[in-house]
Amino acid sequence: MMPIVYTPTVGKACQEFSQVWRNPCGMYLTLETDKGEIREILDNWMIRPDIIVVTDGSRILGLGDLGTGGMGIPIGKLSLYTAGAGFHPLRTLPICIDVGTNNDKLLDDPAYMGSRTERVRGERFNAFMEEFMVAVRDKWPTVLVQFEDFSNDVCFELLERYRNNHLCFNDDIQGTGAVVLSGFINAVKLSKVPLEQHKVLFLGAGSAAVGVADQMAKVFRSGTNFSEEEIKKAFYIVDSAGLVTNNRGDWEKIQKRAPHKIAYARSDISKDSPAQTKDFYELVKVLKPTVIVGLSGFRAGAFDEKVIRLHSEHNKVPIIFALSNPTDKSECTAEEAIKYSDGRAIFASGSPFDPVTYNGKTIIPGQGNNMYIFPGLGLGAVLSKARTVTEDMILSAAQALADAVPEEYLAQGNIYPDLSEIRSISRRIAVAVCKTAFKNGNSLYTQEPDWNDIVEKYVYNPSYVQSIDDDKHIRSKL
């Protein structure tokens, strides 16, 4: 059911949200009319939520600015929190922050339900978000806030501003990073290549790519003797203009408009190096990465036959993560990765692909979907009564996911467990997160409880119990 509830179907739902809208399924907060009144508006929500997913619709999946149509994402995401972790649907709250849109098609659409103004950024946006976060904490002090699909110009700043004083996290940055990290941990095992020898080339330099690099860096810190400078040299990040370096022609522009890229900008690439290119094939040829990761959202098919075959020439076990969503944005298909690597690739995608048969062997493609992480991470953050969502909690979630893959499953080249086991996976992750929160003094509990018992008692299991009166009523209609 996940492809129907979320990607790829949710992308289409967001694009047509104003046309197919039937009834409100969450809360809309509009800058033009609601500034100064958010706290009072929250009082209209009668049931205390345990979790809020909030978006401003500015970067929906790989589809760009969809304005209030982005509300489909919090709705879909919270459905997955219910299905995957057992949050009661009545204890979830989807919220859309409406500060306008820069999508001309929406502004010209008479059916569009959002504000017909250009998207607001800067001081007015920051003040509105501050009012929102303060109001949420005042109304519901223990609620978890998950930021979702905010554009790169604000998502990092929002996370940095609130991560140390609110119970919150950004799934695009931290959740994506954790799920890819988990796959990377298992892919490294299967490659038989020492961690110190791995080099990761990212196609994409947005919030997801930087978040993944940040999470992977933790494994290098714990698993190698690398210095911070040596760890950063394990990563190459490519944006629309090419490899990000500190001597590229637009470096000043990057520093001003995309500071999130600075940490991974290369300082060891000369101006006349063949690596100073936007041609991904040439970058693979020159840099010889052990892992290629697609998170661009705009370069569908970038991992073509030439790229995959070259990558496979360089590596006995080529690792290919084509993670852009939805499916038609993916850098390659599972069939292409397996076929062009002669069946040797360790592959993961963002959206689901059908099983692939190669040389008589059926291979089930791994899906590096955030759903593996965020339900359990969110459940653990709420049930541990954590003050904040720390990096250690996220790392423990990633490790718990990696450990959830059975050895026989791993031996078949699968780096993720079966998604049909998501309930048990989420419980495992939640317990690991709870233990980490308590161990690090980040939990409001003064004595450590039985976390398995806490999780078991909280989890919501939908069931239909037919009463005798119901049965009589049904029979009378026959």
Side-chain angles (χ1 to χ4, degrees), residues 50-51 80-87 142 144 146 163 167-171 173-189 211-212 214-223 348 366-407 409-410 414-460:
D50 287 331
I51 183 169
L80 296 184
Y81 271 106
T82 296
F87 279 88
T142 60
L144 171 65
Q146 188 217 294
R163 68 192 303 173
L167 185 63
C168 66
F169 75 101
N170 183 307
D171 186 50
I173 300 172
Q174 297 164 293
T176 300
V179 77
V180 179
L181 171 59
S182 176
F184 177 67
I185 290 170
N186 284 334
V188 169
K189 289 180 186 177
V212 169
D214 285 345
Q215 296 297 327
M216 284 185 175
K218 295 175 184 176
V219 174
F220 281 88
R221 287 190 191 98
S222 60
Q367 186 184 355
N369 194 296
N370 290 23
M371 188 180 176
Y372 278 117
I373 287 288
F374 68 76
L377 175 60
L379 186 62
V382 168
L383 296 187
S384 66
K385 298 183 180 179
R387 296 177 177 87
T388 59
V389 178
T390 66
E391 288 301 307
D392 282 346
M393 290 163 66
I394 295 169
L395 182 59
S396 69
Q399 188 63 62
L401 175 58
D403 293 342
V405 181
E407 284 299 325
Y409 211 62
L410 195 61
N414 297 304
I415 56 175
Y416 292 107
D418 190 335
L419 196 55
S420 67
E421 301 295 324
I422 187 61
R423 272 291 178 102
S424 62
I425 295 167
S426 294
R427 292 185 191 191
R428 180 176 188 150
I429 290 172
V431 169
V433 169
C434 287
K435 288 179 178 178
T436 300
F438 183 82
K439 178 183 176 182
N440 293 349
N442 188 42
S443 167
L444 294 178
Y445 278 97
T446 55
Q447 290 187 324
E448 186 167 20
D450 181 337
W451 296 117
N452 285 291
D453 185 57
I454 294 284
V455 171
E456 188 66 33
K457 288 179 178 177
Y458 178 87
V459 167
Y460 163 74

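- Within the 4.5 Å cutoff, the side chain of Tyr372 has no heavy atoms near those of the Ile429 side chain.
- Between Gln399 and Ile185, the closest side-chain pair of non-hydrogen atoms falls below 4.5 Å.
- Applying the side-chain hydrogen bond (donor to acceptor under 3.5 Å, both in side chains) criterion to Thr436, with sequence neighbours excluded, gives Ser396.
- For the pair Leu181 and Val212, the minimum side-chain heavy-atom distance is 4.5 Å or more.
- Arg221 meets the salt bridge (Lys or Arg N to Asp or Glu O under 4.0 Å) test with Glu228; sequence neighbours excluded.
- Annotation: side chain of Phe87 is in contact with side chain of Val382 (closest heavy-atom distance under 4.5 Å).
- The distance from atom CG of Asn442 to atom OG of Ser384, rounded to the nearest 0.5 Å, is 7.0 Å.
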Point to revise | Gln215/Ile394 under side-chain contact (heavy atoms from CB on, under 4.5 Å): CA gap, chis, key distance, verdict | key: CA-CA 9 Å; Gln215 296 297 327; Ile394 295 169; 3.7 Å; yes
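- Taking both residues in full, the closest heavy atoms of Cys434 and Gly380 are given as SG-O, 3.5 Å, listed atom of the first, atom of the second, then distance.
- Taken to the nearest 0.5 Å, the CG atom of Asn370 stands 4.0 Å off from the CG atom of Asp171.
- By the side-chain hydrogen bond (donor to acceptor under 3.5 Å, both in side chains) test, Thr446 is found to be paired with no residue, residues two or more places apart in sequence or in another chain being considered.
- Pairs of residues two or more places apart, or lying in two chains, never qualify as salt bridge (Lys or Arg N to Asp or Glu O under 4.0 Å) while including a residue from residues 428-451.
- Among residues two or more places apart in sequence or in another chain, the side-chain hydrogen bond (donor to acceptor under 3.5 Å, both in side chains) test is passed with Asn170 by none.
- Looking at residues two or more places apart in sequence or on another chain, you find a ring pair (Phe, Tyr, Trp, His ring centres under 6.0 Å) between Tyr445 and Trp451.
- Note on residues 377-406: pairs passing salt bridge (Lys or Arg N to Asp or Glu O under 4.0 Å), not counting sequence neighbours, are Arg163-Glu391, Lys218-Glu391.
- Contact check for Val179 versus Asn369: no side-chain heavy atoms found under the 4.5 Å cut-off.
- Here Asp50 pairs with Arg48, Arg91 under the salt bridge (Lys or Arg N to Asp or Glu O under 4.0 Å) rule; sequence neighbours left out.
- Counting all heavy atoms, side chain and backbone alike, Val455 lies closest to Ala430 at CG2-CB, 4.3 Å.
- By the side-chain contact (heavy atoms from CB on, under 4.5 Å) test, Ala348 pairs with Phe321, Ile415, Tyr416, sequence neighbours left out.
- In this structure, the side-chain contact (heavy atoms from CB on, under 4.5 Å) partners of Ala381, at least two apart in sequence or on a different chain, are Leu144, Leu167, Val389, Met393.
- Take Phe220 and apply the ring pair (Phe, Tyr, Trp, His ring centres under 6.0 Å) test, not counting sequence neighbours, and it matches Phe235.
- No side-chain donor-acceptor contact under 3.5 Å links Ser426 to the backbone of Arg423.
- Under the side-chain hydrogen bond (donor to acceptor under 3.5 Å, both in side chains) criterion, Tyr81 pairs with Gln146, sequence neighbours left out.
- Asn414 places a side-chain N or O within donor-acceptor distance of the main-chain N or O of Tyr409, the cut-off being under 3.5 Å.
- Atoms OG and CD1, on Ser182 and Ile373 in that order, are 6.0 Å from each other to the nearest 0.5 Å.
- Residues Pro417 and Leu401 form a side-chain contact, since some pair of their non-hydrogen atoms from C-beta on lies under 4.5 Å apart.
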